[in-house]
Participant: 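Once you've had a glance at the structure underneath, I'll fire off some questions.
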Amino acid sequence: MAEIYGQPVARETPAVHKFGGSSLKDVTAISSVIRTIRSHVRTEDVVVVSANGGVTDQLIQVFNDGTHRLPALRESVQQLVTTVLDQPDALLVSLLEDLELLSSGLSQTTLSVHDVLAYGELWSAQLLSARLHELGIPNHWRDARDILTVDAQNNPVNPAKAVQILLDSKGEGIQILTGFLARNEAGQGITLGRNGSDYSATLVASLLRSSAVYLWTDVDGVYTADPHVIPEARRIPTLTLGEAQALSELGSHVLHHKTINPLLQHPARIIINTCDSDTLGTDVVEQSRAGEGQVKTLAHKSQLVQLTLAGIHELRTRQFQAELTAGQINQYACHYDKTRQVLQLCVEQVDFFRTSQLIRQAGLTLVQQLSGVSLISAVGHNIRQNHRVISQLLGRTARFDVLNIHYPGNDHTLCVLLADEQAEALLADLHAACFDLAPSIPIVVLGYGNIGQQFIRILKDNKASIEQRVKQSLSLVAVANSRHYQYAGECLLDEVIVPDQDNTSGEIYQRLSDYINKPLVLIDLTASEAVAARYPEFVANGWHLISANKLVAADDIRASHLEAELEKQHRRWLTNTTVGAALPIQSSLRKLIESGDQVQAVNGVFSGSLSWIFGQYDGQRPFMEWVRQAHANAYTEPDPRDDLSGQDVYRKALILARQLGFNEARVVFTPAIPDELMAGTLEQFWARSAAIDEHVAGLWKAANEQGKSLCYLASISSQEINVSLQLIDQQHPAAGLRPGDNIFVIDSAWYAGNPLVIQGPGAGREVTAAGVLNDLIEVLQSA
Ligand SMILES: Nc1ncnc2c1ncn2[C@@H]1O[C@H](COP(=O)(O)OP(=O)(O)O)[C@@H](O)[C@H]1O
Ligand SMILES: N[C@@H](CC(=O)OP(=O)(O)O)C(=O)O
């Protein structure tokens, strides 16, 4: 059993779910919250609630303007209670008592602003709790001021006690906790700053060492900008903790100012979503390589006041900022100029009055105040290290009257300060520059094995940079293997990919019938004849093809028919990974031919597995032990005879010969191991190991006596395609090859006597997937 502050907890710790004011604003929203609680919240979890939408604002008006504002507040809360509850009477009675207390407390000025605002969360928690009871869902609500005490920096005081209280109530159903509320060290009730319930949620999560915090709100995730301001904004599937923290520090509503801080020590996933969503929302993860150096989102904060304080020492600066934090006053774009002893910072207009009081109390000199200021910020992992992105962003600001460019102390943010009136125009302009990409033509991946999964991982991890490169947003609509498929009209790269729809009768093709006569890129990462047989149909549908599957590319008749149809349809067929994985063989040959060179011959080692086996074999350890090792390490096909037969090399040789127009060449093809030694079942083949060892040892001995070594070579010229095991001397370019590598030696008119050599790993899922990506980029750029 794990422990937190000496308290035993189950290994799977409670999750925290926070429902914001917007999710609790009316009866419809509350019904969605209840559905979400039923589907996502476990009994041991904690639910943190904000005040029902709009109630905190009304309470602020009551506090500022006086009790004549109370009837309107009573009216709206009563109406909510009566529409939500089947039996509202008990709650209505206690609501009226609270309003009485509020009224008399305000008249006698015995209530602080915190005491007044607290009613919002207290009513909201009681309302949700009562409704859940009506529906038979065990729960109990609690006032967070009885649990959470924080210091002036909002850090928890006596966390062990808080945990004890939280864990002691386990077993009494779901705990519903008022967000936004806590107590200070003097025991007074306080509120945690506007929108502070996000912070309550992460604070509780860090105390309970939760592994997940769900922030349920009115948007299904963090978008590339506030979607209510920029309608074109798109949801971002993942943010790193660093990006989320940078965003929250900018005062974005979607992640409150202090939200991330508690999780820096005890990281937990944060999932931002809306109730009843059919997307996965945004997942804040500790780390991710996705989109490194690219702008992920733009934050926008308006109605700020920029303050300039002069003659202030560095230490005094820190004290003053701590005083602002203790007063729940958020600060933005803070900059201290040591040499001039000037502090510049922005606060929200609503906090200006209290800030100027603190400035006066501290005896500081305010030399300038500028109101109506907006802060527009670009956020993305390490964008500040990407000079191209930074200069692009700065370039876009040239048309605007920028007050300041601000570089916060993290590498993930760049901020621009300018007048409120210009802010939305700059935001829209930056958004267009960073994210306005038309969707690519739909992409379909057939084959979800080793290479398919790796290919999709690369697409996911590098989505932002690929999109910037092709100037389109990637639109992967379907993934399938022979048994299952997954399809989405939207891009699957933003979702978890789990093909689970039945595809045993090729249902995916039915699904894709909507795309007939529309452009689409179909990527065949199978080795399947069933897929190859459909190539003519794919092309007739007007689709581009990318094949790692060699079956059609190596068959001159099928390939020629296909090419004729491709030409008619103006579609592309790229097969670069059928030979040498990501090594640029076919593209180099194409470029040589296109630029007028005459390629006379291509020789070399075209098989990674045979290169590895013959490269390791030294005449000492039996040959079949190397075969077994290669097989165990997945360097060979599941049946190693598919490699040893030389079929794979032969197909690659045919593909290159076709490309070079060597159609009349005679063919000499000898398997690496004679057919008779490989006949029968796989077991019979393994059982014949001794005979195979003896055969290869004999060849090796003969080679060794001549100072040569064994190498399974392919040579292609206009006269002959030769694929066979050969003896090569030490001068041969393949002699020093690293086991596993491929080598392609290209003789041409321009490279006569000093051939062009392309060498490197020619197999493996990483390089093959990277090669497929190259093909995809080429198709997308030309489509
Ligand atoms: N980048 C962004 N992505 C999504 N929403 C954003 C973004 N920036 C600002 N917002 C705003 O945040 C709002 C959600 O925050 P808020 O209203 O405080 O919700 P809650 O009441 O649930 O706490 C959204 O309605 C949206 O207008
Ligand atoms: N009710 C408080 C606290 C809060 O977090 O609200 P919300 O989750 O609706 O942003 C406010 O309005 O400031």
Side-chain angles (χ1 to χ4, degrees), residues 17-26 29-30 32-33 36 47-61 113-114 116-125 144 177-182 190-203 213-237 239 243-244 246-248 250-259 270 272-275 277 279 281-282 284 295-302 328 330 348 350-351 375-380 423-424 427 430-431 434-435:
H17 294 258
K18 178 250 168 176
F19 293 93
S22 57
S23 313
L24 295 160
K25 67 175 188 289
D26 55 28
I30 293 175
S32 303
V33 166
T36 306
V47 165
V48 171
V49 290
S50 301
N52 302 101
V55 172
T56 306
D57 290 335
Q58 281 182 296
L59 286 162
I60 290 174
Q61 285 176 351
V113 66
H114 304 290
V116 174
L117 297 193
Y119 282 106
E121 270 61 20
L122 293 172
W123 295 332
S124 161
L177 209 62
T178 54
F180 189 45
L181 311 185
I190 57 158
T191 48
L192 295 167
R194 285 311 305 263
N195 314 108
S197 304
D198 288 349
Y199 180 64
S200 306
T202 50
L203 200 61
V213 184
Y214 293 78
L215 300 178
W216 299 101
T217 180
D218 63 345
V219 274
D220 67 341
V222 176
Y223 276 60
T224 47
D226 185 340
H228 294 122
V229 180
I230 304 288
E232 300 77 28
R234 296 196 299 269
R235 181 174 60 85
I236 307 163
L239 283 177
E243 287 168 336
L247 181 63
S248 71
L250 298 164
S252 166
H253 271 270
V254 73
L255 272 174
H256 173 256
H257 203 61
K258 300 184 271 281
T259 309
I270 305 178
I272 300 147
N273 208 339
T274 194
C275 298
S277 162
T279 78
T282 294
V284 179
V295 177
K296 276 276 190 74
T297 182
L298 296 168
H300 170 202
K301 187 94 196 156
S302 56
Q328 307 296 348
N330 297 336
E348 293 175 40
V350 286
D351 292 330
L375 182 70
I376 304 280
S377 313
V379 178
E424 284 192 16
L427 185 68
L430 288 179
H431 194 270
C434 296
F435 306 108

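Quick caveat: nothing in here was measured; it's all calculated off a predicted structure. Any value given below was found using the heavy atoms of this structure, including those in side chains, with hydrogens, waters and symmetry copies removed. Counting starts at 1 for both ligands and their atoms, in listed order. When a residue number appears, it is its place in the shown sequence, counting from 1.
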Participant: Who pairs with Arg194 by side chain to side chain donor-acceptor pair (under 3.5 Å), at least two apart in sequence or on another chain?
Facilitator: Asp57
Participant: What's the verdict on side chain to side chain contact (heavy atoms under 4.5 Å, CB included) for Leu117 and Leu59, showing C-alpha distance, side-chain angles and the deciding distance?
Facilitator: CA-CA 6 Å; Leu117 297 193; Leu59 286 162; 3.8 Å; yes
Participant: Without hydrogens or angle criteria, can the side chains of Thr279 and Asp220 be said to hold a donor-acceptor pair below 3.5 Å?
Facilitator: yes
Participant: Carefully, step by step, assess Tyr223 and Thr297 under the rule side chain to side chain contact (heavy atoms under 4.5 Å, CB included).
Facilitator: CA-CA 7 Å; Tyr223 276 60; Thr297 182; over 6 Å; no
Participant: Checking side chain to side chain contact (heavy atoms under 4.5 Å, CB included) between Phe19 and each of Thr36, Ile30, Val48, which is the one that passes?
Facilitator: Thr36
Participant: Decide whether the shortest distance between a heavy atom of Gly179 and an atom of ligand 2 is less than 4.0 Å.
Facilitator: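 The answer is no: ligand 2 sits nowhere under 4.0 Å from a heavy atom of Gly179.
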Participant: Quick check on side chain to side chain contact (heavy atoms under 4.5 Å, CB included): which of Thr282, Asp198, Ile272, Thr259 does Val254 satisfy it with?
Facilitator: Ile272
Participant: Going by the closest heavy atom to atom 1 (N) of ligand 2, which one wins out of Arg194, Glu121, His253?
Facilitator: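 That would be Glu121.
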Participant: Any idea which atoms of ligand 1 are less than 4.0 Å away from a heavy-atom of Gly221?
Facilitator: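 Taking each heavy atom of Gly221 in turn, ligand 1 has 3 (N), 4 (C) under 4.0 Å.
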Participant: Relative to atom 19 (O) of ligand 1, which among Asp226, Leu215, Thr217 owns the nearest non-hydrogen atom?
Facilitator: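 Closest candidate by heavy-atom distance is Thr217.
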Participant: For atom 9 (O) of ligand 2, which protein heavy atom lies nearest, and how many Å away is it?
Facilitator: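 Ranking protein heavy atoms by distance from atom 9 (O) of ligand 2, first comes Gly21 N, 2.9 Å.
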Participant: Who's the nearest protein heavy-atom neighbour of atom 12 (O) of ligand 1, and how far?
Facilitator: His253 CB, 3.3 Å
Participant: Nearest protein heavy-atom contact for atom 7 (P) of ligand 2: which residue, which atom, what distance?
Facilitator: Ser50 OG, 3.5 Å
Participant: Within a distance under 4.0 Å of any heavy atom of Thr297, pick out the atoms of ligand 1 and give their elements.
Facilitator: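 Answer for ligand 1: 1 (N).
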Participant: Quick one: salt bridge (charged side-chain N to carboxylate O under 4.0 Å, His left out) pairs with a partner in residues 222-231, sequence neighbours left out?
Facilitator: none
Participant: N/O of Gly196 under 3.5 Å from N/O of ligand 2, yes or no?
Facilitator: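 It does: an N or O of Gly196 is found under 3.5 Å from an N or O of ligand 2.
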Participant: Given 3.5 Å as the limit, does a donor-acceptor pair link the side chain of Lys258 with the main chain of Leu192, or not?
Facilitator: yes
Participant: Quick one: does Ser50 get within less than 4.0 Å of ligand 1, heavy atoms only?
Facilitator: no
Participant: Do any heavy atoms of Lys18 fall under 4.0 Å from ligand 2?
Facilitator: yes
Participant: So for ligand 1, is Asp198 a polar contact partner (N or O within less than 3.5 Å, distance only)?
Facilitator: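 No; every N/O pair is 3.5 Å or more apart.
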Participant: Which residue supplies the protein heavy atom nearest to atom 3 (N) of ligand 1, what is that atom called, and how far is it?
Facilitator: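 Of the protein heavy atoms, Tyr223 N, 2.8 Å lies nearest.
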Participant: Any idea which atoms of ligand 1 are less than 4.0 Å away from a heavy-atom of Gly20?
Facilitator: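 Checking each atom against Gly20, I get 20 (P), 21 (O), 22 (O), 23 (O).
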Participant: With a heavy-atom distance limit of 4.0 Å, tell me whether Asn195 approaches ligand 1 through its side chain, its backbone, both, or neither.
Facilitator: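 Side chain only.
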Participant: Tell me the protein heavy atom at minimum distance from atom 6 (C) of ligand 1, and give that distance in Å.
Facilitator: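 In this structure, atom 6 (C) of ligand 1 has Val254 CB, 3.6 Å as its nearest protein heavy atom.
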Participant: Record the part of Pro227 in heavy-atom contact with ligand 1 below 4.0 Å; permitted values are side chain, backbone, both and neither.
Facilitator: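 Within the 4.0 Å criterion, Pro227 contacts ligand 1 through side-chain atoms alone.
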Participant: Should Val219 be counted as touching ligand 1, given the test is an N or O pair under 3.5 Å?
Facilitator: no
Participant: Does an N or O from Ser197, backbone or side chain, lie closer than 3.5 Å to an N or O of ligand 2?
Facilitator: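 Right, the criterion is met.
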Participant: Going by the atom numbers of ligand 2, which of them fall below 4.0 Å from some non-hydrogen atom of Ala51?
Facilitator: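 It comes down to these atoms of ligand 2: 1 (N).
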Participant: Could you check Glu232, His431, Arg235 and say which one makes a side chain to side chain donor-acceptor pair (under 3.5 Å) with Thr224?
Facilitator: His431
Participant: Nearest to atom 24 (C) of ligand 1, what protein heavy atom do you find, and at what distance?
Facilitator: Asp218 OD1, 3.4 Å
Participant: Determine whether the side chain, the backbone, both or neither of Ser252 has a heavy atom under 4.0 Å from any heavy atom of ligand 1.
Facilitator: side chain
Participant: Any atoms of ligand 1 less than 4.0 Å from a non-hydrogen atom of Val222? List them with their elements.
Facilitator: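 Counting atoms of ligand 1 from 1, those under 4.0 Å from Val222 are 1 (N), 3 (N).
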Participant: Would Ala299 count as a contact residue for ligand 1, given that I'm defining contact as a non-hydrogen atom of the residue lying under 4.0 Å from a ligand atom?
Facilitator: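 It does not; every heavy atom stays at 4.0 Å or beyond.
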Participant: Going through the distances and angles, do Ser200 and Lys18 end up as a side chain to side chain contact (heavy atoms under 4.5 Å, CB included)?
Facilitator: CA-CA 9 Å; Ser200 306; Lys18 178 250 168 176; over 6 Å; no
Participant: Which part of Lys18 is near ligand 1, with near meaning a heavy atom under 4.0 Å away: side chain, backbone, both or neither?
Facilitator: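 It is the side chain that gets close, since no backbone atom is under 4.0 Å.
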Participant: Heavy atoms only: which of Asn195, Leu24, Asp57 is nearest to atom 10 (O) of ligand 2?
Facilitator: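 The nearest heavy atom belongs to Asn195.
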Participant: Are any side-chain N or O atoms of Asp26 and backbone N or O atoms of Ala29, one a donor and one an acceptor, separated by less than 3.5 Å?
Facilitator: yes
